[in-house]
There are 2 protein chains.
Amino acid sequence: MTEARPGPRERMVFSAAQLIRRHGVAATGMREVAAHADAPRGSLQHYFPGGKEQLVNEAVQWAGRYAGKRIARFLAGLDEPTPSGLFAAMAAQWSDEYAADGFAAGCPVAAATVDCATSAEATRRAAAAAFTAWRAPLAAALTDLGVPAGRAESLATLMISTLEGAILLARAEQDTGPLTTAVRELGPLLDAAARP
Amino acid sequence: MTEARPGPRERMVFSAAQLIRRHGVAATGMREVAAHADAPRGSLQHYFPGGKEQLVNEAVQWAGRYAGKRIARFLAGLDEPTPSGLFAAMAAQWSDEYAADGFAAGCPVAAATVDCATSAEATRRAAAAAFTAWRAPLAAALTDLGVPAGRAESLATLMISTLEGAILLARAEQDTGPLTTAVRELGPLLDAAARP
DNA sequence: GCGCTACTATGACCAGTGTCATAAGCGGCG
DNA sequence: CGCCGCTTATGACACTGGTCATAGTAGCGC
């Protein structure tokens with residue numbers, strides 16, 4: 001905590017993502033974001049002249065980049081890299097968080113999609129971009145693991161879909177069961193696609 | 001439209017589900033629900049003394065029952081009933097709606113989970129119950145189609161997870177691709193589990 | 001008609017929102 | 001010092017939200 005923390009602007013984007021994860025976009029107030037980021041309220045209009053929508057969009061964008069970057073780290077952490085292992089690692093991040101901190105938070109991109117896809121076109125586009133920023137490196141990783149090029153994109157979409165849905169079920173039921181079920185049932189399918 | 005429509009109470013629950021589907025829970029106002037249901041505003045506190053939370057919970061509950069009942073109809077509509085065919089029918093309901101009316105609406109249960117899972121315990125429970133009301137008949141249908149008992153529950157969870165996630169992606173990207181991808185990739189897995 | 005219940009109508013309240021206007025602090029540089 | 005940007009501070013505005021209180025109406029058994 002005492003290490004050199006990032007600037008106020010970055011902190012506010014991060015805090016926005018955290019609060020959106022928990023309460024959704026509409027229920028997250030700007031003042032609340034500033035307070036959570038320990039940032040002055042006056043900075044909001046200075047750094048985000050586009051208002052709440054800009055802040056939300058940047059939070060979504062940030063989440064997409066974050067998810068994309070994690071793919072490489074997951075891969076590096078696997079003993080023997082397989083598609084099923086990668087998927088298991090992705091799901092484990094959520095299982096672990098839920099086991100440790102409770103089921104308070106979901107995926108911010110999902111929250112933004114649910115809350116804004118109809119009402120805010122720019123936010124919907126940001127969410128789509130976030131999913132792309134997540135899927136592209138995932139598909140690339142799958143091809144590296146031996147999945148044929150034509151199949152990798154599809155399987156990446158499937159993995160993200162299933163993971164997002166499992167997160168949703170897990171939160172609703174307050175049980176990580178859906179996450180482990182997804183890994184168990186989808187694993188063989190993923191590995192079968194990687195065999196030459 | 002001119003047929004004998006249901007009572008105001010039922011209409012309000014239905015309208016609430018529709019509006020939540022589009023804009024999320026927090027962004028849906030009570031007055032808006034009454035207007036959409038063409039119901040008097042004063043009836044809100046009369047039929048739903050528990051306030052907004054009660055209305056939302058009943059809408060979620062209604063959606064769960066609806067999804068559960070559709071399973072039987074989907075099964076009846078299949079030429080040769082298979083798990084993959086059932087899943088395709090479930091996804092097609094969304095693809096068709098999106099193709100016909102645009103990507104304005106998602107799943108109300110998902111919206112309620114994202115918006116209320118952390119803040120309203122009762123709503124979270126209602127969402128969990130809705131998923132159960134959806135999964136139970138789905139698992140029963142799978143066993144009827146030849147899926148071993150131990151596997152049916154898992155596959156039902158997987159189907160719902162993947163479908164919910166694909167709905168999310170489809171809405172964000174305004175493209176039914178994720179839905180068709182889910183059906184294509186998951187179909188063989190489902191049918192393989194039904195073989196004796 | 002009476003009385004009772006079910007339902008509707010309407011206005012007020014207060015907490016909360018996003019946004020804006022204005023002004024102050026505050027570094028560094030000339 | 002004096003000026004001047006980048007930030008921060010603060011209060012006001014207009015508005016909407018859910019909720020409550022109160023009054024009014026409709027229908028029906030008696």
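We name chains A, B, ... by the order of the sequence lines, and we start the count at 1 in each one.
When the nucleotides D:dT19, C:dC7, C:dG11 are ranked by their closest atom to the side chain of B:R41, C:dG11 comes out on top. The side chain of B:K52 has D:dT19 as its nearest neighbour among D:dT19, C:dG18, D:dA21. Side-chain proximity of A:S43 to D:dA9, D:dT19, D:dT8: nearest is D:dT8. Of the candidate nucleotides D:dA9, D:dT7, C:dT19, D:dT7 has the atom nearest to the side chain of A:Y47. Minimum atom distance to the side chain of A:M30 is reached by C:dG18, of the listed D:dG18, C:dT10, C:dG18. Closest contact between the side chain of B:H46 and the listed nucleotides C:dA9, C:dT8, D:dT19 involves C:dT8.
For the pair B:F48 CZ and D:dC20 P, the computed distance is 15 Å after rounding to whole Å. Across the protein-nucleic acid pair, A:E32 atom CD and C:dG16 atom C1' stand 11 Å apart, rounded to whole Å. With rounding to whole Å, B:R9 atom CZ is found 16 Å from C:dT8 atom C1'. If you take CD of A:E53 and C1' of C:dT17, they are 16 Å apart, rounded to a whole angstrom. Rounded to whole Å, the distance from CD on A:Q45 to C1' on D:dT7 is 11 Å. Between A:L44 atom CG and D:dT10 atom C1' there is a gap of 14 Å when expressed in whole angstrom units.
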Step-by-step side-chain hydrogen bond (donor to acceptor under 3.5 Å, both in side chains) determination, B:E58 to B:Q54: CA-CA 6 Å; B:E58 296 206 19; B:Q54 181 186 356; 3.3 Å; yes
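Under the 4.0 Å criterion applied to side-chain N and carboxylate O atoms, B:R41 and B:E32 are not assigned as salt-bridge partners.
Counting heavy atoms of neighbouring residues, nucleotides and ligands inside a 6.0 Å radius, atom CD of B:E10 does not exceed 12 of them.
Residue side chain B:R31 reaches the base of D:dG18 through a donor-acceptor N/O pair under 3.5 Å, judged by distance alone.
For the pair B:R11 (side chain) and B:P6 (backbone), a donor-acceptor distance under 3.5 Å is present.
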